[in-house]
Amino acid sequence: MSESRHKLMNKILDNKVVLLFVILCIGAIYASGNPLTFVSAELFTRIGRNGFMVLALLIPVLAGMGLNFGITIGAIAAQIAVFWVVYWGFKGIEGFLLGVLMATPIAILFGWMVGRLFNKMKGAEMIAGMVLGYFADGLYQLFFLYVIGGIIPVDSPRLIIPGGIGVKNTIDLADNIKYSLDTVSMLTIIEILFFITIAVLVIRMGYNLIRKTGVSIVKDIILLVLAGAVYAATFIPQMEAFLATDRLLLLHAVLIGIAAWTLIQLWRIVNNKLILKKEDFNIKQPIAAIIAMAIAFGLTYAKPVEEILMYVYIPVTTYLCIVALCVFNNMLLKTRLGQNMRTVGQSRVVANAAGINVDRTRIIAMILSTVLACWGQLIYLQNIGTFSTYGAHTQVAQFTIAALLVGGASVQKATNKQAIIGVILFHTLFIVAPQAGKQLFNNAQLGEYFRVFVAYGVIAVSLAMHAWKTTIKPAVKDGKPKVTTSKA
């Protein structure tokens, strides 16, 4: 077999999980008969609803703790806060932010406790997290069924079961935090970012001047002027009317993304070639990216693509939160803490030899994951608009882990790209599977069974395929592929 064919085979084997689910998605969409506009609209809603939670799983994987089945505990922290926010009657983004403020310290405490426990159970974190999730669910049920109303007096016919003890099964969030994050306008976001930027730059300039650090403030002044110019542009009537909306047409989002990415590539060329004059800078990469953007722009005029782009609206603030978490995950890898987590994940022995406090690093990773899962559950609840008191958190871990695995991640490695791909593939299949089952078997109940299979079956299939990938390693000997079984 030629080297190129061998590389192609390795590429296919490395991405076999993703390819399998791509084929399943295409087949299910065709079998369901649902229009692409409907599938796309549902898909983008689900990405905004669940994307943050899936990304919360990356940090424990990085630290070598496997897939965090314990994120259920983070979701419980969020739900405790949501109950009190609703009880006290807070609404809108104020209620959502109060929920974040209340839930975060609870999630930090829970994450610390889980991290401490996992340090006692090294090598069995996933099964420990699963059992811990069930245990925490039991305590949660006791708290909401007996403590609230029974020990903690709560007088609210809207929330409490008749009789005065225990919380109702379902709480409607329509009058409180439903769409509280989704409906924050782009204008509000820009105003907040403007004032944060001004505060940071002024503090930094003042610090450099007072401490006489010798750092030039010219760059900060230029940034101040640019920030002021952007903010001033929001007062143009047409611009103000555009930014006053809370949801962005997908076509506009794509065009903004294409323009931004093209400008970044042009800046890379100008900065590296003309300003820094780096001779070793590879100009082919940014040029290829610009050509790809031009092709993407051309595709927006294709009729099927245009129909989807003109049909779907996305909540800007929610998607910005997802982008911010992707950036945070990438930046974390560049910090000392991120490097320590990566070293601990690769080998605890090497990490110990390098002087890294392994237990402390693992606890921090678990705290971060639990807090992010808590915030992800808040985003989920405000989007779905209904709080299922005793069931909202029970399947969080399974769905999230299934989505991450479908994207090609494993218990040893996971990236932002795999998380996003996984969310897209998993939820596409989840959207169309019931209708596909109904069309194929002419039985609505079978369609529902198919949905259950999709929800739980993908975890087993993905774990099995990844286990096979781990134990069977293709090798090339004398120009021919050879399959060997590793000792692992």
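Treat the numbers as computed from the prediction; the structure is a model and nothing was measured.
Checking Trp112 against Thr370 by side-chain atom types alone, no donor-acceptor pair falls below 3.5 Å.
Phe426 and Val406 make their closest contact through N-CG1, 4.1 Å (heavy atoms, listed as atom of the first residue, atom of the second, distance). Of all heavy-atom pairs between Thr197 and Leu193, the closest is OG1-O, 2.6 Å. The two residues Met53 and Ile71 have their closest heavy-atom pair at SD-CD1, 4.1 Å.
The CD atom of Gln377 lies 9.0 Å from the NE2 atom of His393; values are rounded to the nearest 0.5 Å.
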If you look only at distance, which donor and acceptor atoms sit under 3.5 Å apart when one is on a side chain in residues 310-322 and the other is two or more places apart or in another chain?
from, atom 1, to, atom 2, distance (Å)
Thr317, OG1, Val184, O, 3.0
Thr318, OG1, Asp182, OD1, 2.3
Tyr319, OH, Phe44, O, 2.6

Distance-only donor-acceptor pairs under 3.5 Å for side chains of residues 147-154, two or more places apart:
none

Compile the donor-acceptor pairs under 3.5 Å between side chains in residues 21-36 and protein atoms, sequence neighbours left out, one pair per line.
from, atom 1, to, atom 2, distance (Å)
Ser32, OG, Ala28, O, 3.2
Ser32, OG, Ile29, O, 2.9
Ser32, OG, Asn34, N, 3.3
Ser32, OG, Asn34, ND2, 3.4

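In this structure Phe38 satisfies the ring-ring contact (aromatic ring centres under 6.0 Å, His included) test with no other residue, sequence neighbours excluded. The side chain to side chain donor-acceptor pair (under 3.5 Å) search around Asn176 returns Arg158, not counting sequence neighbours. Listed by chain and residue number, nothing satisfies the side chain to side chain donor-acceptor pair (under 3.5 Å) test with Glu307 (two or more places apart in sequence, or in another chain). Arg204 pairs by the side chain to side chain donor-acceptor pair (under 3.5 Å) definition with Asp220, not counting sequence neighbours. In this structure, Thr37 has no side chain to side chain donor-acceptor pair (under 3.5 Å) partners at least two apart in sequence or on a different chain. In terms of the ring-ring contact (aromatic ring centres under 6.0 Å, His included) criterion, residue partners of Trp88 (sequence neighbours excluded) are, by chain and number, Trp84.
Residue pairs meeting the salt bridge (Lys or Arg N to Asp or Glu O under 4.0 Å) criterion with at least one member in residues 332-353: none, sequence neighbours excluded. Evaluation of the ring pair (Phe, Tyr, Trp, His ring centres under 6.0 Å) test over residues 143-192, restricted to residues two or more places apart or in two chains, returns Phe83-Phe144, Tyr140-Phe144. Pairs of residues two or more places apart, or lying in two chains, that qualify as salt bridge (Lys or Arg N to Asp or Glu O under 4.0 Å) and include a residue from residues 356-373 are Lys122-Asp359, Glu125-Arg362.
Between Leu372 and Leu55, the closest side-chain pair of non-hydrogen atoms is not below 4.5 Å. Within the 4.5 Å cutoff, the side chain of Ile93 has no heavy atoms near those of the Thr188 side chain. Thr361 has its side chain out of reach of Thr343: every pair of non-hydrogen atoms, C-beta onward, lies at least 4.5 Å apart.
A donor-acceptor pair is defined here as one N or O able to donate and one able to accept, closer than 3.5 Å; such a pair exists between the side chain of Thr234 and the backbone of Tyr231.
Ring planes of Phe242 and His252: perpendicular class, angle over 60° (limits at 30 and 60°).
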